[in-house]
Novice: 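The structure follows.
Owing to the predicted nature of the structure, the values given are computational and were not obtained by experimental measurement. Here is the naming used below: chain letters follow the sequence lines, and residue numbers restart at 1 for every chain.
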Amino acid sequence: MSPTPQTNNPWNAAAELVIQLLVKVASTDSETVRKYIEIPPDPDLGDIASTVSFRLAKELKKSPAAIATEITQSLEKEAKKEPLLDRIVAKGPYINFFFDREEFARRVVSEVCKINATYGMTEEFKGTRALIESPAVNPSKPWHIGHARNAILGDTLANILESVGFEVVRIDYINDLGLQIAQLTWKIMHDDVDLAKVSEKMDHFLGHLYVEVQKVTENDSGVENEIREITRRLEDLNSEEAKRSAEMVTLCLKAQCQTAYRLGIYKNYQIWESSIAHSGLLQTAKDLMLQAENILELTEGEKKGCIVANLAAMEEFKDMKDPHKVLFRSDGTRTYTGADVAFQMWKFGVIKDPFHYSVFEEQANGEDVYRTALDGSDRNLGGFDIVYNVIASAQAHPQRLIYTILDLLGHHEQSLNSHHVAYEFVGLEDADFSGRKGTWIGYSTDDVLDKATELAKEEVAKRNPDESNEFKEIVGAKVGTGAVRYFMLKASPDRKITFRWDEALDFNGDAAPYLQYSFARAQRILEKTGMEPTGKAELTLLSSEVEFALVKAIARFPEEILEVVRGLKKDVWGTSFSSNRITGYCYELATLFSKFYDSCPVLKAEPKTRAARLELVSAFRITMGNCLRILGIPVVEKM
RNA sequence: GGGCGCGUAGUCUAGUCUGGAUAGGGCACCAGCCUUCGAAGCUGGGCGUCCCAGGUUCAAAUCCUGGCGCGCCCGCCA
């Protein structure tokens, strides 16, 4: 099964051509050859290379270098017939292929200019329905920058999946029944706070209030009892507590959404915990669970009366103190694990959608986000093929439990298609973020975006003194938020980020403004010519070292995206998402354009060269623009 | 006790899954480049026990074994 070369994936098409040639003479199959294809470390060595001679050395009982020479010689004729290839050179054991620069440039640049906005989009995963859940911040505080990491990773993953053909639904989980909510409800009722009169952004107001609550509850067991009582009364939707709580949560969530919109993050649905509690989902799940062999109600011991999953047989949980994982407590209430399993069953359509939906609000992009509600329309959501939960690495164990229990319930495929997209925390040099202690204060996502925007605006103003203040505001915001998004994406998700202002707000070098700047420079060149790409230029003139390097980078774009998606492999303890690979690609693309910009004048070149270079600039602009959109980094035409 | 992740120049980091050519970048530092499409840029330079010790291999930052250091996780909690 060899992937058919796609015209919208020029690098893959070229690589496949090389593979097919090698198969003809290397006495092995294309799958094997494909494994021994690589990009040489130095472009002087070749454009694409094969190390298949190492592999063949043993069976042929010849030295790799001799094999490479033989293969190269027998391919000489073929190479001459193939317009895309210039020459093949054996260097020691390596078989190095040089593309015909003129022909490669012609194919790539004309193709990119033709398909324009869809360049980078492929259909390898067409028809798969994916659900992405992120970031599930409690609606009781502002996002700190760790939450932003989650939200940005989730949003970018969704963009990437969409670009390779997935049908993606983005949801957020709203825990409006947690302890934090009960504590805050107690506080606003106790102090009789009128939320309508609060002028501070609501999530920040509550975040500060929460720190105060902690101080009170820490050494007052009476308060603790009062809060327990509130938790109980919140279950009754008609109680005063439930009404005050709902008002508070809604206002807080709307405030949090404002932060998300600043980052260009939008959702399709919010699933509220209170809806789950009142939907019958848990009861349905419980009934289904009890039919499974390894899920049972214990009749003796410490956990008498609990409904538990028996994990004794599972290798990865053999070190648990007690292999009986509680799903429903002896008083009948669900544990987090129990609720999560039920929720995961809903996602896959194992349980029919019991929710009603109503519009929560119109988002900043003009699209409505729906929330689960008691009254509202049926939408029959669920039944997804694959589910991505973006959650901190620290949750690897509980996530694994959920997927394992799903398997115990007989939903093997669904278990395999459950992905924990894991990422490490963002912390400070001397502290981790804690809502309890309030260490997030000063490091909320809003704070960081504010500072980034302000700094960017200053830089914009310096360079565009004659522009309007509105221009400076808008561009400053785009550059600032882009910088924050890029900062979160360029770090490998499995690496902990220590947040430092000077690093996060460094607009030079490997940072978003550099990418945006390269786009703006390309934009300016094209504007000065009236954006004229004629489609008639002699693209074969694009053969200099720097021009060709840029062409090759442009050609790799679709394959780079696909590689990231193919790399989303499920491991026992999580699924790794290499967001940093796309930022790395995007940065390299910008670097190559900057070098081209520096050494290849466009507007002042000879007419024919000028026409060809204009097309290359256009192809770059398209590729960079599409890549920035996938990363969620705002495209700016002038900065 | 067990599991997971991380360890690469002053510093932050890519590459590790899938072994392959001189270990790529950013910041900081030093020296150049704006009357020529935007200097948020370009060019050049110094900076490395790839945590340690074994092993496998023609070849190890990458795979295996054993250590060391740092972080996280293993509740009828939330």
Novice: A:F507 near the nucleic acid: base, sugar-phosphate alone, or nothing, with a heavy-atom cut-off under 4.0 Å?
Specialist: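 It contacts base atoms.
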
Novice: Counting only heavy atoms not in A:E300, do more than 12 fall under 6.0 Å of its CD?
Specialist: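 Count not over threshold, so no.
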
Novice: If you measure from CD1 on A:I402 to CD1 on A:I391, what distance do you get to the nearest 0.5 Å?
Specialist: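 The distance works out to 6.5 Å.
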
Novice: Classify the side-chain pair A:T609/A:E606 by whether it contains a donor and acceptor separated by less than 3.5 Å.
Specialist: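 On atom types as modelled, these side chains do not qualify, holding no pair under 3.5 Å.
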
Novice: B:A14 and B:C30: how far apart are their P atoms, nearest whole angstrom?
Specialist: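 Comparing P positions in B:A14 and B:C30 gives a spacing of 27 Å.
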
Novice: May I have all residue pairs that pass side-chain hydrogen bond (donor to acceptor under 3.5 Å, both in side chains) and include part of residues 324-342 of chain A, sequence neighbours excluded?
Specialist: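 Output for this query lists A:N175-A:Y336, A:E273-A:R334, A:R329-A:T333, A:D331-A:T333.
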
Novice: Suppose you measure atom P in B:U18 against the same atom in B:U11; what distance do you get, rounded to whole Å?
Specialist: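 These two P atoms come out 32 Å apart once rounded.
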
Novice: Pick the nucleotide of RNA chain B nearest each of A:A491 and A:G567; which residue has the one closer to the 5' end?
Specialist: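 Final value for this comparison: A:A491.
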
Novice: Over how many whole Å does the gap from A:E429 atom CD to B:C12 atom C1' extend?
Specialist: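 So the two atoms are 11 Å apart, to the nearest Å.
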
Novice: Starting from C1' on B:C17, measure out to CD on A:E563 and report it in whole angstrom.
Specialist: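 After rounding, the reported distance stands at 12 Å.
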
Novice: Roughly how far apart, to the nearest Å, are B:A60 and B:C51 at atom C1'?
Specialist: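 Comparing C1' positions in B:A60 and B:C51 gives a spacing of 16 Å.
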
Novice: Pick out the pairs of N or O atoms, protein on one side and nucleotides 35-39 of chain B on the other, that lie under 3.5 Å.
Specialist:
unit_1 : atom_1 : unit_2 : atom_2 : d
B:U36  : O3'    : A:K604 : NZ     : 3.4
B:U36  : O2'    : A:K604 : NZ     : 2.1
B:C37  : O3'    : A:K528 : NZ     : 3.2
B:C37  : O2     : A:V602 : N      : 3.3
B:C37  : O2     : A:L603 : N      : 3.0
B:C37  : N3     : A:V602 : N      : 3.0
B:C37  : N4     : A:Y597 : O      : 2.3
B:C37  : N4     : A:C600 : O      : 3.0
B:G38  : OP2    : A:K528 : NZ     : 3.4
B:G38  : O5'    : A:Y597 : OH     : 3.3
B:G38  : O2'    : A:Y517 : OH     : 2.5
B:G38  : O2'    : A:R521 : NH1    : 3.3
B:G38  : O6     : A:M639 : N      : 3.1
B:G38  : N1     : A:M639 : O      : 2.6
B:G38  : N2     : A:M639 : O      : 3.2
B:A39  : OP2    : A:R521 : NH1    : 3.0

Novice: By the rule that syn is within 90° of 0, classify the base conformation of B:C34 as syn or anti.
Specialist: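 B:C34: syn glycosidic orientation.
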
Novice: When the C1' atoms of B:A78 and B:C70 are compared, how many Å lie between them, rounded to an integer?
Specialist: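 27 Å, rounded to whole Å.
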
Novice: Using atom P in both nucleotides, what's the gap between B:C42 and B:G26 to the nearest angstrom?
Specialist: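 After rounding to an integer number of Å, I get 8 Å for this pair.
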
Novice: Write down the partner of B:G38 under the Watson-Crick or G-U wobble criteria, each distance required to be under 3.5 Å.
Specialist: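 Pairing partner, where one exists within any strand: none, as none qualifies.
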
Novice: Reckon A:V475 touches a base, only the sugar-phosphate, or nothing at all at heavy-atom distances under 4.0 Å?
Specialist: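 Result for A:V475 = nothing.
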
Novice: Please tabulate, one pair per line, all N/O donor-acceptor pairs under 3.5 Å involving side-chain atoms of residues 42-50 of chain A, not counting sequence neighbours.
Specialist:
unit_1 : atom_1 : unit_2 : atom_2 : d
A:D42  : OD1    : A:D44  : N      : 2.9
A:D47  : OD1    : A:K552 : NZ     : 2.8
A:D47  : OD2    : A:F99  : N      : 2.7
A:S50  : OG     : A:Y36  : O      : 3.1
A:S50  : OG     : A:V52  : N      : 3.1

Novice: I'd like to check the ring-ring contact (aromatic ring centres under 6.0 Å, His included) partners of A:F54; sequence neighbours left out, ordered by chain and number.
Specialist: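 A:F54 satisfies ring-ring contact (aromatic ring centres under 6.0 Å, His included) with A:Y94 once adjacent residues are dropped.
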
Novice: Could you go through the side chain to side chain contact (heavy atoms under 4.5 Å, CB included) check for A:I145 and A:F433 one step at a time?
Specialist: CA-CA 9 Å; A:I145 47 174; A:F433 291 119; 3.7 Å; yes

Novice: Between the protein and nucleotides 7-9 of chain B, list every N/O to N/O distance that falls short of 3.5 Å.
Specialist:
unit_1 : atom_1 : unit_2 : atom_2 : d
B:G7   : OP1    : A:R495 : NH2    : 2.8

Novice: Quickly work out the A:F593 CZ to B:A40 P distance and round it to whole Å.
Specialist: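 Result: 14 Å.
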
Novice: In whole angstroms, how far is the C1' atom of B:G41 from the NZ atom of A:K462?
Specialist: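 Rounding to the nearest Å, NZ of A:K462 and C1' of B:G41 are 15 Å apart.
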
Novice: With sequence neighbours excluded, tell me which residues meet salt bridge (charged side-chain N to carboxylate O under 4.0 Å, His left out) with A:E38.
Specialist: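 Listed in chain order: nothing, the list is empty.
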
Novice: How far does the C1' atom of B:U57 sit from the matching atom of B:C63, given to the nearest Å?
Specialist: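 B:U57 and B:C63 have their C1' atoms separated by 10 Å.
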
Novice: Would you check if there is a donor-acceptor pair between the side chains of A:S594 and A:Y514 at a distance under 3.5 Å?
Specialist: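 Distance-only check passes for A:Y514 and A:S594.
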
Novice: Would you classify A:K569 as touching base, sugar-phosphate or nothing, given that sugar-phosphate means primed atoms plus P, OP1 and OP2, and contacts are heavy atoms under 4.0 Å?
Specialist: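 It contacts base atoms.
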
Novice: Quick one: list whatever passes side chain to side chain contact (heavy atoms under 4.5 Å, CB included) with A:A619, sequence neighbours left out.
Specialist: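 With sequence neighbours excluded, A:A619 shows a side chain to side chain contact (heavy atoms under 4.5 Å, CB included) to A:V109, A:V112, A:C113, A:I554, given in chain and number order.
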
Novice: Between B:C27 and B:A40, how many Å separate the two P atoms, rounded to a whole number?
Specialist: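 Result for the P pair: 13 Å, nearest Å.
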
Novice: My understanding is that only residues two or more places apart in sequence, or in another chain, count here; which of them pass salt bridge (charged side-chain N to carboxylate O under 4.0 Å, His left out) with A:E424?
Specialist: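 Partners of A:E424 under the salt bridge (charged side-chain N to carboxylate O under 4.0 Å, His left out) test: none.
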
Novice: Does B:G54 have a Watson-Crick or wobble partner in any strand here, with both distances under 3.5 angstrom, and which is it?
Specialist: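 The answer is B:C64, by the H-bond criterion.
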
Novice: Using atom OH of A:Y423 as one end and atom C1' of B:C4 as the other, report the distance to the nearest whole Å.
Specialist: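 After rounding, the reported distance stands at 16 Å.
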
Novice: Please check this pair: side chain of A:T453 against backbone of A:G480, looking for a donor-acceptor N/O pair closer than 3.5 Å.
Specialist: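 No, because the side chain of A:T453 does not come within donor-acceptor range (under 3.5 Å) of the backbone of A:G480.
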
Novice: Using the six-membered ring of A:F328, assess whether NZ or CZ of A:K286 lies under 6.0 Å from its centre and within 45 degrees of the ring axis.
Specialist: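 Yes, cation above the ring, under 6.0 Å and within 45°.
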
Novice: Could you write nucleotides 20-33 of chain B as a row of B, S and -, 5' to 3', where a protein heavy atom under 4.0 Å of any base atom gives B, of only sugar-phosphate atoms gives S, and otherwise -?
Specialist: BBB--SSS------

Novice: Provide the Watson-Crick or G-U wobble partner of B:G1, both distances under 3.5 Å; none if there is no partner.
Specialist: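 Check on B:G1: paired to B:C74, both distances under 3.5 Å.
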
Novice: Does A:K451 make a cation-pi contact with A:W501, if we ask for NZ or CZ under 6.0 Å from the ring centre and within 45° of the axis?
Specialist: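 Yes, A:K451 lies over the aromatic ring of A:W501.
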
Novice: Let me have a per-nucleotide readout for nucleotides 71-78 of chain B, 5' to 3', with B, S or -, counting only protein heavy atoms under 4.0 Å.
Specialist: -SSSSBSB

Novice: Where along residues 571-580 of chain A does a heavy atom fall under 4.0 Å from RNA chain B?
Specialist: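 Within this stretch, A:W573, A:N580 sit under 4.0 Å of the strand.
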
Novice: Please assess A:R556 against A:E588 for the test salt bridge (charged side-chain N to carboxylate O under 4.0 Å, His left out), listing each intermediate value before the final yes or no.
Specialist: CA-CA 11 Å; A:R556 278 213 327 274; A:E588 200 198 334; 3.3 Å; yes

Novice: Sequence neighbours left out, what passes salt bridge (charged side-chain N to carboxylate O under 4.0 Å, His left out) with A:K472? Give chain and number order.
Specialist: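 Expected list: none.
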
Novice: Answer yes or no: is there a side-chain heavy-atom contact under 4.5 Å between A:L550 and A:V546?
Specialist: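 Side-chain contact under 4.5 Å: no.
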
Novice: Taking any strand in view, what nucleotide pairs with B:G10 in a Watson-Crick or G-U wobble way, both distances under 3.5 Å?
Specialist: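 By the stated definition (distances under 3.5 Å), B:C27 pairs with B:G10.
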
Novice: Go through the steps to decide whether A:E563 and A:Y585 satisfy the test side chain to side chain contact (heavy atoms under 4.5 Å, CB included), and finish with yes or no.
Specialist: CA-CA 11 Å; A:E563 278 297 303; A:Y585 165 77; over 6 Å; no

Novice: In whole Å, measure the gap between the P atoms of B:G55 and B:U13 for me.
Specialist: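 Here B:G55 and B:U13 have their P atoms 32 Å from each other.
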
Novice: Between A:R500 (CZ) and B:U13 (C1'), how many Å, whole number?
Specialist: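 Distance, rounded to whole Å: 12 Å.
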
